[in-house]
Amino acid sequence: GIAVASDISEAHPAFIAFVGAATTATLFFPDAPMAHHSQRASCVLHRLDFCKPVGWHDMAPVTDGKYSVECYLDALDSCYATLRKKLNDRELFQITDYNVFHTGGGYHIVKKAFERLLRNERPECRGTEREELTEQRLHPSCHILKRVGPCHTVSSFLNTASVVMSKMEQALGKVICVFTYGSGCAASMYQMRVDDIPYFDPLEVWFVRRFYRNSIKVHPEQTVVHNVYVETWMKFDYKPFGRQQHGWDVQLLEDDVYYLGEIDKFGRRFYHRGGMKAKPMDKKFRLPVDAAEGRPDRKHWGPIPEKPKALEKGPEELRRQIEYDMTFDQEAEAAAYLEVGEYTDTYKRDQKVKIFKAIPDRRQQGATLEPDGLDHTYQVVGTWSRRKPEDLLRKSDGSWSFEIVLGENRWEEFYLMQDGDPSKRIYPHVERGGKDAVPIGPHHGGESKYWLLDCRDRVDVPADQVGVPGDKYIVTFVWKKLKELTWTKLEGETAEPEPSQYFIAGTWTDFELVELKRDTSRRKGWFSTEVQMTSVGIEFKLLRNEDHRQLIYPTPAKRGERTAGCNAPINGPDALGAANWRISDERLGGVYKISFFRDPEDCEPAAMRVTWAKVDDRPVVEPDPTFYLVGPFNDWGEKGMQKMANPPGNFTVFTGDVTIDELAVDEKAPDKRKPVMPFKIVKHKNPALCVHPDKDKCTQLMEHRVTMDDKGKDLSWHVGAHPADKAKKGDIFTIKLQIAADGAMSVSWTKTG
């Protein structure tokens, strides 16, 4: 079911800080990302507070500031005491991670409530510890509150969303303690557990895409328009006049909002969707009672204002805008100019003016939109050639072309390069773009964007594009005024496609690729290899043609699992594979034959098979231990891992170098950068064998333990974090991993360059 909460906090302009409004819709369903957790407690007290007596003359309710706060805190104390009793007197701070409070009067009320709870929970808490708890437990719930203001009924839902949207994956497994309240008074305290990342945008994205989407800049003196809204309270025979009085453009009204059109002499209020800028409602929606009671509607409130005609962009201008937006680099643009100085404006003495001059020979932003008139060559990088660049053929009309022989995937992906330079890449404006995608470049970006020639029999594939392995297609690239790329099938022309090779990447080789050999004892399409079970286990995935964008992988039975058995559905080849197959066997020494089958005549994943069988038992031959450095320098292993060196035959000391960079180490202050380099160590490229400290942002001078497990996601060493490192940007530090005879590990580092 869906629960909708909506409320508005009304007040006079003198109390604008206490004004706010919001609506939330909460979906309740089994296995939701957030679940109600453990016990709850409620409190109902008879209090005459925050009410509007019959005939009350003012929009704002009857309140007594001090008494209203006392009612709120009394209900909080009662709920807290009851919940502690239900939890066998366990501390709430021990079993919950964040606190959410009802917002009745702004942030100061929420903070006061948290301080009351903290005093009940930990009376001895003072100073720095108190500030840290406030920052960790309360402030994540206040981000939206500080922008929206108090909104009564909706506040607990909104503040809970603030926690989730600001913490995202950091909130997984955490428990939120929610206190919700209604004056009069009734209150409840309950707990919610975050089991999965809820379906929200991150907070920063939400503010831009949603909250500020239709915002209007208002200067302080313009808030007097709120006076007009306040005057509608208890009005009869009234029509709004604030827009005309204060000069607000009617086009600023939102299309999907209902605006007040009139209050008649009986006090009935009539609204219209879109307000004064919208047309009258269609006659088919009018009711007989509308005419019988003489209800006014849009046509009674004046003519429809003409909407200014917007200049429509043509297809050419839209294509240019797409490319400019994708290639514009703000930092590069700023670097192309040199600041001459700051001066006082001649006519406005209180205004400063900065003067910049262009730096010669710097590349101007947007330079790839038009051809430069010089001679160039173009290359194509595609899956059919194992991503080896091939030259395009230039035709007499100035176009460039190349032919593709369709492989057994029945799809091929590619991008272009100019002059054989990887930094001059030409790619579609969307991932897996079709021939109608806008070409972008030559540009140094677009690493994840390729054109996709999809020839499988799919609903979204044009009939004249469908093909089978061996069919030929011609791709044409033209750059005269605008860049254009298209392709057509060469009907009746075929060729022998390049035969596929299949590779296995597994734990026993640190996920280095090993080719699967054709299994001549079985029919065409079978490949196999033999692997021995050792202490590193057997986990693997498959690749076509040594291409990490053509992974073949299983789909685990449960979301979030990273391994699956041989009965799991098979996916690929594509770039989305995150899971591995896993062979379970607690006994070491067993030899397994891993077999893979792909029907050359069937491109669908359902036609593939992965099986394994134990074929022998042999003395265990353990692989030599290997360790790898991961950190921001390789996107924590997403862009590969840096292997650590060891002396020949010595497997007790491993070393590797990291370079100091200026990084934002505090997510709450992203603009503050320090010379530092975080890292941790991974054994055999296996995330489950992560070597890490037992505390985050650890230095070598801190007292800490070094452990190896799969629980080091948020724990890492920070070279340069301690003043003793004397680290500067560009310094090179050598990391040393020492392994004692009993298996104990230690990590240290020294500056070497």
Side-chain angles (χ1 to χ4, degrees), residues 314-320 322-324 326-327 367-407 409-443 445-446 448-456 458 460-498 549:
E316 180 177 327
E317 190 174 355
L318 288 173
R319 290 169 69 92
R320 290 176 181 276
I322 290 172
E323 181 166 6
Y324 189 84
M326 293 187 66
T327 58
T368 64
L369 301 181
E370 301 281 354
D372 56 16
L374 303 176
D375 287 333
H376 295 284
T377 61
Y378 293 93
Q379 294 74 37
V380 60
V381 180
T383 48
W384 61 91
S385 62
R386 306 197 179 200
R387 304 191 189 276
K388 295 177 181 177
E390 296 178 323
D391 286 325
L392 274 69
L393 177 66
R394 185 169 188 173
K395 295 183 178 180
S396 58
D397 61 358
S399 65
W400 300 78
S401 66
F402 59 94
E403 291 185 359
I404 297 175
V405 178
L406 192 62
N409 283 346
R410 291 178 65 185
W411 60 261
E412 307 289 350
E413 65 177 21
F414 63 92
Y415 66 91
L416 306 182
M417 287 193 306
Q418 186 184 68
D419 299 329
D421 186 347
S423 68
K424 296 180 178 179
R425 183 178 177 128
I426 301 174
Y427 54 90
H429 77 289
V430 294
E431 295 186 9
R432 302 172 73 83
K435 56 185 177 182
D436 57 344
V438 178
I440 307 297
H443 185 249
S448 65
K449 294 181 171 63
Y450 298 79
W451 275 283
L452 176 67
L453 172 60
D454 193 347
C455 305
R456 294 169 293 183
R458 298 282 195 272
D460 56 346
V461 175
D464 60 355
Q465 188 172 300
V466 174
V468 296
D471 285 348
K472 297 179 73 173
Y473 296 77
I474 185 167
V475 180
T476 303
F477 172 66
V478 180
W479 191 3
K480 293 182 179 178
K481 193 173 183 181
L482 294 175
K483 291 183 285 289
E484 296 180 6
L485 185 142
T486 188
W487 54 72
T488 56
K489 184 178 181 181
L490 297 175
E491 294 294 345
E493 294 192 32
T494 60
E496 188 66 28
E498 184 75 18
R549 287 186 59 86

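Using a 4.5 Å heavy-atom threshold, the side chains of W451 and P439 count as touching. Residues K489 and D464 are not in side-chain contact: their nearest non-hydrogen atoms beyond the backbone lie 4.5 Å or more apart. Looking only at side-chain heavy atoms (C-beta outward), W411 and R456 come within less than 4.5 Å of each other. Between I426 and P442, some side-chain heavy-atom pair lies under the 4.5 Å cut-off. Two residues are said to be in side-chain contact when any heavy atoms from C-beta on lie closer than 4.5 Å; R410 and V461 fail this criterion.
Summarising the geometry, atom CG belonging to L453 is positioned 11.5 Å from atom CZ belonging to R432; distances are rounded to the nearest 0.5 Å. Note: E493 CD to I474 CD1 = 8.5 Å, rounded to the nearest 0.5 Å. Taken from CZ in R386 to CD in E498, the straight-line distance is 6.0 Å, to the nearest 0.5 Å. Atom CD of E390 sits about 10.5 Å away from atom CD of Q379, to the nearest 0.5 Å. Here L392 contributes atom CG and H376 contributes atom NE2; the two are 14.0 Å apart, rounded to the nearest 0.5 Å. The CD atom of Q418 lies 9.0 Å from the CG atom of L374; values are rounded to the nearest 0.5 Å.
Listed here is the closest heavy atom pair of P428 and A437: CB-CB, 3.7 Å. When every heavy atom of K449 is checked against every heavy atom of Y427, the shortest pair comes out as O-CB, 3.7 Å. Between G467 and L406 the shortest heavy-atom distance is C-CD2, 3.8 Å.
Looking at T486 and E484, their side chains never bring a donor and an acceptor atom within 3.5 Å of each other. T383 and E413 are not linked by any side-chain donor-acceptor pair at a separation below 3.5 angstrom, with hydrogens and angles left out of the test.
Among W479, Y378, F477, the single residue meeting the ring-ring contact (aromatic ring centres under 6.0 Å, His included) criterion with W400 is Y378.
A search for side-chain contact (heavy atoms from CB on, under 4.5 Å) contacts involving P422 returns M417, not counting sequence neighbours. Evaluation of the side-chain contact (heavy atoms from CB on, under 4.5 Å) rule for K481 yields E316, R320 as partners, not counting sequence neighbours. V475 is linked by a side-chain contact (heavy atoms from CB on, under 4.5 Å) to F402, I404, F414, L485, W487, counting only residues two or more places apart in sequence or in another chain.
The closest donor-acceptor contact from the side chain of D419 to the backbone of T377 lies under 3.5 Å. Counting only distance, with no hydrogens or angles, the side chain of R425 and the backbone of G446 share a donor-acceptor pair below 3.5 Å.
A cation-pi contact, defined as under 6.0 Å to the ring centre and within 45° of the axis, is absent between R549 and Y415.
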